[in-house]
Amino acid sequence: MFRTKILLCYRYVSKIGMDTVRLGCMTFVTTAVPHDKCGSNGLPVTPNSVKVLGLAQELISLRHENVCRYIDFKTTKHNRIFAVSEYYTTTLHKMIKNHETFHRDWNSVCVNVSMGVFKGLSYLHEQGLVHHCLEPKSIYITKEDNPKLGNFGLHHITDGGSLVDCPIGNPKYHAPEHVLHIYSKDLAIANIKSDVWSSAIVILELINKSFLWEDKGLQTIVSKILELTSCQSAQSVLEVLQANFQKQSFLDDISQSMRCLLESCLSPIPENRLMPAEILNDKNIFKTTQNDNSENIKSLFSFKSLPAETDMQIQPIEDLDLQELWHLWKLAGGDLLSSVFNSDTTTPSVRMLPFFITNLGGVHGLQYSPEDLFDAHITVLPMEAIENRLATAVDNPDMFYPLLENKTNVDKEHATSKLPLLIRENDFEYQVYRLALFRRLLIGYPYLHDLLWKEARIDIPVLLRGLIWAGLLNVQGDVEEEYMHIDKDTPKLADRQIAVDVPRCHQYNAILSSPVAHEKLKRVLKAWLFSHPHLSYWQGLDSLCAVFVHLNFNDEPTAYKSMSHFIDKYLYNFFLKDNSAIIQEYLVVFAHLVSFHDPLLSCHMNEIGFIPDLYAIPWFLTMFAHVFPLHKIVHLWDTLLLGNSSFPLCIGVAILQQVREQLLLSDFNECILLFSDLPEVNIDNVVQKSIQIFCHTPKSSTFRVHAQHESNSQQRTMSYYSDDYNVSPQNELSLKPIPLADLKEEVCCRISADDLIQLTELGGIVNSKTPAKNSKSVKPRIAVIDIRQPDEFAHGAIPEGKNFPYSSSKSVESCLQYINQLKPKVVVVVGNCTSRFDRPFASKLLKAGTKGVCVLFGGIEILKPVGILTIPSL
Amino acid sequence: MAAQRATNNAAQGKICQFKLVLLGESAVGKSSLVLRFVKGQFHEYQESTIGAAFLTQTVCLQDTTVKFEIWDTAGQERYHSLAPMYYRGAQAAIVVYDITNQDTFARAKTWVRELQRQASPNIVIALAGNKADLANKRMVDHEEAAAYSEENGLLFMETSAKTAMHVNEIFLAIAEKLPKNEGGTNRPRPEVDITQSNPPGGSKGCCSSH
């Protein structure tokens, strides 16, 4: 279930204790690649830091009680990587070192820690990962004595160490076979059994309350580890190791179960070691079996309600998900780079000089710096700023615990919501409120679907955009299962095209330019193609897909499903093998819409032959994903998703209007050059303008035959601003499909009799739902221009109609005068369905710059059976 | 090394406008060639072209100024039906292939055949073997392509949009070869043929006019 997935994201929300959790950051440098080298496809070799960034994304989604969460990865210049993760001040190392201060039963501590370590390892193994960095320093102990594995991702994100110069991990804890592999530069090894060995060494140290080989150099340690391979059995390994502890305790002191545990882990032959899961299930080792699921399930439903007024101990920071905490940390002014570099990790540059250099070039006395050698040091990020800012939330619980069903609260808008989007996105208090609100809405999805729509209309918090979009696109059901069963591997004809398009799609974005992202993009595209066999791959689909993959990087199923729903709604049949009918109709309707809102521009562009076919195909085929950078696309689509399938047309008109002055002064070449290199477009303005345009367009005017119709869609496509005309029930007064050739003959928008009746309120006010109407509470000014002969007019006309006979030469001028006086929003030209003089007449009105011109579809004849025509008074 | 730009100097002699179209398999470097020629730039990750892009550039020969109106088309086969709209009425065409990929050369040959059959009879066709900087990955022989061009009366050069090798040269060679007397001196605008129904040879697709 999609819902379960959202819940899973918040599984550990309320598990963070304020005085224990911290954010920590580790940094390392990846191997530089030669600048001028090219890959097999002729493109430059991807920098290793970008590869790491791609590999690392997967770790962000890992969640387990015995595994530290990775929160974010950043890359900066010089191939440096920053890994932000959950951090605790107590490590197992500290605990062993200061064991005198612990007054607990050491034996139970040992059991507890061992169990936690193996649980964590077992989880990592399930995820297809190995740790390979296991040591007491990387095991954190929470306030509740819960061990958590840290640093586990290094092996994975460095592709087994191949992307960094230095070997990773502490050799002392490496299994013999692991040591051999490292020093033979064989990177292929990734074996959970080596981790099992490492954990046994850790546990042995824990039992002995001291460290192995503390005073030995690296060389001795390595040879000692390798010597262990000569042992015949795990027992003898254990005995040899035990003899190496300075402060010897007798093996007999170790409880039977612990001994059993160590022996099953320390076999010199990896095959003979048990798997972490086997160890956990071994009755001889852990006698108490725990049902660790019960707690998780409980936490799903234990959402904190608003604390009682007497309870003054609100600690909002505890209720934040770590991802949210990190996001807010940055908003509260946190600066990762300076926090890391201002701490004591960096060496002053004078100390990075060697003591002396021989005349043969030998360098002596150079200190190791983190630049050269792997250093697992974690810098703790300062939390004072965010704690202080969050403290204000205590005074205002509404902000942190918004009530969803509180009726009085419904229309109360946050004061900040009126400010520009950019300010809102960076406003700490506002984002705290929005995150809390949307978190609740998502947990209530799909039941709170309507409320989600309503709030999304104000804005969408960056952090939750992927899930919110999926909600707006009606993604439901077991998406994961569906995606899993789609064939994404069978070679297909489109593969070659996908393979050349993906490596150049939105590559300015670091994550999307990583090899992992390329694979993801290919998989999602192939999944979509497989599940839509009647559709095919068109260049441009990659750009579209990239938006969803980027937002749902760790969640391909949601990316896939969101994209599928998006295409069904906005790009229905656009990707047919032969899509000319669909695209052509779309472009004609677009041209009509331009003439409706900007007749002068439309006339100018028609005159110079600058037709939408030449510039608008990349716009609509990719819903602007091919023409704008990602940060603009997301803001555009935040609004697009709230509109119906005609909304993109309005965006197109809004873009034209933004450059209209330039277009009006330009000839064909200049116009097309302008769009070959799309000028800086202000997306906020486009968004605002397109909403206006949408609201001022009679909905029948954007009717398309090829849009998705109700019979084809399982669920009605939703729109905040109005229903989708294409899925509304049709009647004899609605627009009917006409051939494309006829549509092209039209000079302007068509309006259905239905819409006309509603606009003129001839059918009564009650069922009036036209968006144009909603813009003002009074009815919009509408001019009905009847161009038939006066005698025909006298036999029956629309009550509001004015007669300007087409045959009379002065009609157009007097009509223009009438329009100038009335200043209508919509001008409906009514003629006969046979003679079609309404076209040339409307065309003249357009040339004169009249806005809002449309013709009544079907002419006056369509209204005859309805009985609303009256004899006009003279 | 951007091409010499025309000055508004009347002394340059007459000005001729020519419509030039770029054709070829996708990702061979059509857009990159144009970008190098027009703006002197090169983007490693040039995004794919959807539909077509339009750019202009002017070059000066001894006594004439030649203004190219360049239509850079989409490479994917699916957009094929669009192509006639752009090459119809073109006085010059550059058919591009990728020297590291034999298939793109085969595709270039079919483009040449289509142009010979369906474009205007006097069209000047140039064949460009792009990505010449990747010579160590070469899959198409220089000789083979040169011989083919010889047979079919094409201009031929191996180019590299990345290093700018032969990019201006190929455009200049085309400019030299174009007949200057009928080069439509003051045509109001390039004619993208949008009136003719059913483009010959093109299967129905995205944007076949009408």
Backbone N or O of A:Q539 within a donor-acceptor pair of the B:Y79 side chain at under 3.5 Å? yes

Contact check, side chains of B:I50 and A:W619, non-hydrogen atoms, under 4.5 Å: no

Taking the side chain as everything from C-beta on, heavy atoms only, tell me whether A:I672 gets closer than 4.5 Å to B:E69. no

Is a side-chain donor or acceptor of B:Q76 paired with a backbone partner of A:Y537 at a separation under 3.5 angstrom? yes

A:C505 and B:E47 have their tightest heavy-atom pair at C-OE2, 4.0 Å

Is there a side-chain contact between A:N669 and B:F54 in this structure, where contact means two heavy atoms from C-beta onward sitting under 4.5 Å apart? yes

Could you report the tightest heavy-atom contact between A:Q497 and B:S26, atom names first, then the distance? NE2-OG, 2.8 Å

Is any side-chain heavy atom of A:Q507 closer than 4.5 Å to one of B:H43? no

Heavy-atom check, side chain of B:E44 versus side chain of A:R504, under 4.5 Å: no

Any donor and acceptor pair, going by atom type alone, linking the side chain of A:H626 with main-chain N or O of B:S48 inside 3.5 Å? yes

Max heavy-atom pair count under 4.5 Å with chain B, selected residue of A:L673, A:I582, A:V588: A:L673

Under 4.5 Å to a heavy atom of chain A? For B:Q46 that would be backbone

With a 4.5 Å heavy-atom cut-off, do B:M85 and A:L614 have their side chains touching? yes

For the residue pair B:W71 and A:F668, categorise the inter-ring angle as parallel (less than 30°), tilted (30 to 60°) or perpendicular (more than 60°). tilted

Pick one of side chain, backbone, both or neither for A:T622, based on which atoms fall under 4.5 Å of a heavy atom in chain B. side chain

Identify whether the distance between the nearest side-chain nitrogen and carboxylate oxygen of B:E77 and A:R496 falls below 4.0 Å. no

Interchain contact, B:D103 with chain A, by part (heavy-atom threshold 4.5 Å): neither

